[in-house]
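Written below as structure tokens is the structure these notes are about.
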Amino acid sequence: MQKHKEAVAVIGLGYVGLPLAALAVSKGYKVFGITHGKQKVQQINRGINTLPDEPSITPIIAQKKIIATTSYDNIRKADIVIVCVPTPVDHLYNPDLSPVISAAKGILKCMKKGQLIIIESTINPGVCEEVVLPILESTGKKVGKDFELAHCPERIDPGSTKWNVRNIPRCVGSVTPKGAVRAAKFYRSILDGEVRVMKSIKEAEATKIIENTFRDINIAYVNELAKSFDLLGIDLHDVIQGAANKPFAFMPHYPSVGVGGHCIAVDPYYLIERARQAGFDHKFLKLAREINNSMPAYTVGKLQDALNHTGKSVKGTPIGVLGLSYKANVGDIRESPSLKVIELLEGLGAKVHIYDPYFPEKSTVKNLEAFLKAVEAIILATNHREFLVIKPSQLKQAKVKVVIDGKNAWDKQALQKLGIIYKGIGR
Ligand code: SAJ
């Protein structure tokens with residue numbers, strides 16, 4: 001039964017938009033979904049959850065209450081329009097706002113007086129007022145009079161069993177005080193978590209960007225430590241766990257094969273570019289990106305050293321990359337370091353076998369057994385739960401000689417005891 005007379009339109013039904021649409025439906029809003037892809041539209045209208053990593057929303061999607069279309073027409077029937085489209089970077093790491101721009105242009109064509117337009121996509125400070133607002137006001141409409149514009153940065157943590165769209169606290173900001181009140185009221189009607197109203201829309205944009213650049217520099221910090229501790233012969237993984245038992249003023253991050261995903265690996269470039277335009281050079285953020293982007297090559301270099309010890313080279317050795325996803329237990333390869341590792345290995349003439357249960361179509365073998373049989377050296381690139389239960393004896397039996405543990409997830413001592421050459425990242 002519909003509890004709210006307002007209708008919501010969600011543009012972009014991916015990792016961010018579909019859980020949000022499902023939550024709004026479950027809270028009694030009429031919800032229109034707008035997305036690319038006729039097949040995706042059909043599936044959602046048939047009650048099929050198109051996000052395998054978000055099983056919690058399956059029962060809500062099955063109720064078929066989200067009215068999905070590829071066209072923007074239903075915007076005319078919505079009181080609140082929420083933009084949840086990707087904000088990627090191109091191959092030169094330049095921010096690509098084209099999805100946000102086309103969403104704003106699509107809204108403009110179907111705008112209705114009094115609408116509240118909310119951007120959830122991660123953007124740098126200034127995008128709402130310098131990019132989105134000029135489009136929405138380009139036909140003479142005025143923010144604060146004909147519509148409101150707010151920003152509520154998404155905080156989805158894909159694959160998390162603890163945090164979800166409903167319980168994660170949020171921040172919201174708007175161009176006008178009235179817009180902030182309306183946006184906060186909407187989010188408080190669907191969320192259990194705190195909704196904090198920021199003093200401006202720029203502050204809301206900046207909140208998300210500093211959350212993720214904070215994470216990127218902390219990961220870069222431990223990745224740089226890994227390179228020095230490898231030379232010092234100190235197990236950084238253990239040392240971080242030692243430091244982590246300090247109950248205050250330390251937040252553990254862990255070195256790895258690299259930083260992937262559509263958030264941490266991307267968001268810093270938005271702030272770097274916007275600050276550059278304003279005349280400031282974010283040397284520290286850029287260095288962190290450089291360090292994190294260097295980890296796939298560092299990992300492949302460890303494989304080359306390890307193979308040299310056995311008198312072998314990358315070329316001509318059957319090598320396996322275990323895991324394509326950018327992080328454990330999700331099926332998402334956006335900016336995944338695995339892809340860079342594979343590219344580097346193939347550039348060195350390696351025959352690369354790939355296995356990721358989340359990507360059977362991109363795997364070169366059907367299952368883990370076939371993978372282990374085919375390879376002599378393994379780079380563990382994703383710590384999926386399926387890979388954590390692989391026993392050292394299975395690797396020994398499969399005559400695996402070298403393991404490069406890109407996630408420091410396997411048992412170093414046990415593998416070394418079986419005569420397998422083991423190298424971790426910083427261990
Ligand atoms: N990574 C490391 N070392 C770490 C943590 C992560 O190498 O200590 C790597 C991961 O393997 C992955 C990448 O960094 O390749 C990103 O990992 P992530 O855990 O940050 O995963 P994301 O990209 O899903 O980040 C999301 C973000 N959420 C939003 O942007 C809304 C981020 O803000 C959260 O902090 C993060 O989830 C989280 O905490 O899980």
Side-chain angles (χ1 to χ4, degrees), residues 14-17 19-20 51 53-54 84 86-89 120-124 151-165 167-171 193 204-227 236-237 239-241 243-244 250-271 288-289 291-296 298-299 322-341 356 379-384 387 405-409 424-427:
Y15 280 92
V16 176
L20 178 68
L51 292 181
D53 298 331
E54 294 292 346
C84 301
T87 45
V89 287
E120 282 218 358
S121 307
T122 304
I123 48 182
N124 57 265
H151 179 57
C152 182
E154 59 92 1
R155 276 185 176 160
I156 292 287
D157 178 11
S160 172
T161 49
K162 180 176 174 212
W163 296 108
N164 55 56
V165 63
N167 63 12
I168 295 172
R170 305 288 289 272
C171 292
E205 292 165 326
T207 303
K208 173 66 183 293
I209 287 285
I210 73 158
E211 286 163 26
N212 284 359
T213 44
F214 169 85
R215 193 158 171 81
D216 198 45
I217 56 178
N218 277 282
I219 297 169
Y221 166 57
V222 291
N223 280 334
E224 183 175 85
L225 281 179
K227 295 182 176 180
L236 175 63
H237 198 262
V239 170
I240 289 167
Q241 295 195 313
F250 181 80
M251 190 178 193
H253 288 75
Y254 295 94
S256 83
V257 62
V259 171
H262 61 295
C263 302
I264 312 302
V266 169
D267 298 348
Y269 293 113
Y270 276 75
L271 177 57
R289 289 278 72 238
I291 292 168
N292 288 336
N293 286 341
S294 76
M295 296 315 285
Y298 182 70
T299 303
L322 204 44
L324 285 172
S325 294
Y326 78 91
K327 83 173 189 181
N329 312 323
V330 293
D332 187 341
I333 53 173
R334 283 177 289 184
E335 311 294 326
S336 175
S338 307
L339 303 177
K340 192 78 193 124
V341 164
D356 186 321
I379 292 183
L380 178 63
T382 313
N383 45 337
H384 288 317
F387 299 159
D405 188 350
K407 286 288 173 188
N408 293 332
I425 308 296
R427 78 188 295 231

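Whatever order the structure lists them in is the order used to number ligands and atoms, beginning at 1. Reckoned from all heavy atoms, side chains included, excluding hydrogens, waters and symmetry mates.
Shown here are the side-chain contact (heavy atoms from CB on, under 4.5 Å) partners of Ala244, two or more places apart in sequence or in another chain: Phe250, Pro252. By the ring-ring contact (aromatic ring centres under 6.0 Å, His included) test, Phe387 pairs with His384, sequence neighbours left out.
Between Arg289 and Val259, some side-chain heavy-atom pair lies under the 4.5 Å cut-off. In this structure the side chain of Met251 never reaches within 4.5 angstrom of the side chain of Asn218, judged on heavy atoms. At a threshold of 4.5 Å between non-hydrogen side-chain atoms, the residues Pro296 and Val341 count as touching. Residues Cys263 and Thr122 fail the side-chain proximity criterion, which asks for heavy atoms closer than 4.5 Å.
In this structure, Glu211 places its CD atom where more than 12 heavy-atom neighbours from other residues, nucleotides or ligands lie under 6.0 Å away.
Residue Tyr326 comes nearest to Arg334 through the heavy atom pair CB-O, 3.9 Å, listed as atom of the first residue, atom of the second, then distance. Across every non-hydrogen atom of Asp216 and Pro268, the tightest pair is OD2-CG, 3.7 Å. The minimum heavy-atom distance linking Leu51 with Tyr15 is given by the pair CD1-CA, 3.9 Å.
Ring geometry, His253 versus Phe214: the interplanar angle exceeds 60°, so the pair is classed perpendicular (tilted spans 30 to 60°).
Both the backbone and the side chain of Val259 come within 4.0 Å of ligand 1, judged by heavy-atom distances. At a 4.0 Å heavy-atom cut-off, ligand 1 touches Ile156 through the backbone alone. With a heavy-atom cut-off of 4.0 Å, Arg215 touches ligand 1 through its side chain alone. At a heavy-atom cutoff of 4.0 Å, ligand 1 is contacted by both the backbone and the side chain of Glu154.
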### Message
For a side chain to side chain contact (heavy atoms under 4.5 Å, CB included) check, start with the C-alpha distance between Glu205 and Asn124, then their side-chain angles and the critical distance, and finish with the verdict.
### Response
CA-CA 6 Å; Glu205 292 165 326; Asn124 57 265; over 6 Å; no
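Among all protein heavy atoms, the one lying closest to atom 21 (O) of ligand 1 is Lys327 NZ, 3.3 Å. The closest protein non-hydrogen atom to atom 12 (C) of ligand 1 is Tyr326 O, 3.3 Å. Nearest non-hydrogen protein atom to atom 31 (C) of ligand 1 is Arg155 CA, 2.9 Å. Given atom 9 (C) of ligand 1, the protein heavy atom at minimum distance is Gly258 O, 4.0 Å. In this structure, the protein non-hydrogen atom closest to atom 11 (O) of ligand 1 is Lys407 NZ, 2.7 Å. Ile219 CD1, 3.6 Å is the protein heavy atom nearest to atom 1 (N) of ligand 1.
Considering Val16, Asn292, Ile209, Ile264 only, the shortest heavy-atom separation from atom 25 (O) of ligand 1 involves Ile264. If you check each of Ser336, Ala328, Pro337, Ser256 against atom 7 (O) of ligand 1, the one with the closest non-hydrogen atom is Ser256. Nearest residue to atom 40 (O) of ligand 1 from Thr122, Ile425, Asp157 is Asp157 (criterion: closest heavy atom). When the heavy atoms of Trp163, Tyr254, Tyr221 are ranked by distance to atom 4 (C) of ligand 1, first place goes to Tyr254. Relative to atom 13 (C) of ligand 1, the option among Ser325, Gly261, Gly406, Gly260 with the closest non-hydrogen atom is Gly260. When the heavy atoms of Thr382, Asp216, Val257, Asn212 are ranked by distance to atom 30 (O) of ligand 1, first place goes to Asn212.
Distances shorter than 4.0 angstrom occur between a heavy atom of Lys208 and an atom of ligand 1. Using a 4.0 Å heavy-atom cutoff, His262 is absent from the residues neighbouring ligand 1.
Listed by atom number, the atoms of ligand 1 under 4.0 Å from Cys263 heavy atoms are 23 (O), 29 (C), 30 (O).
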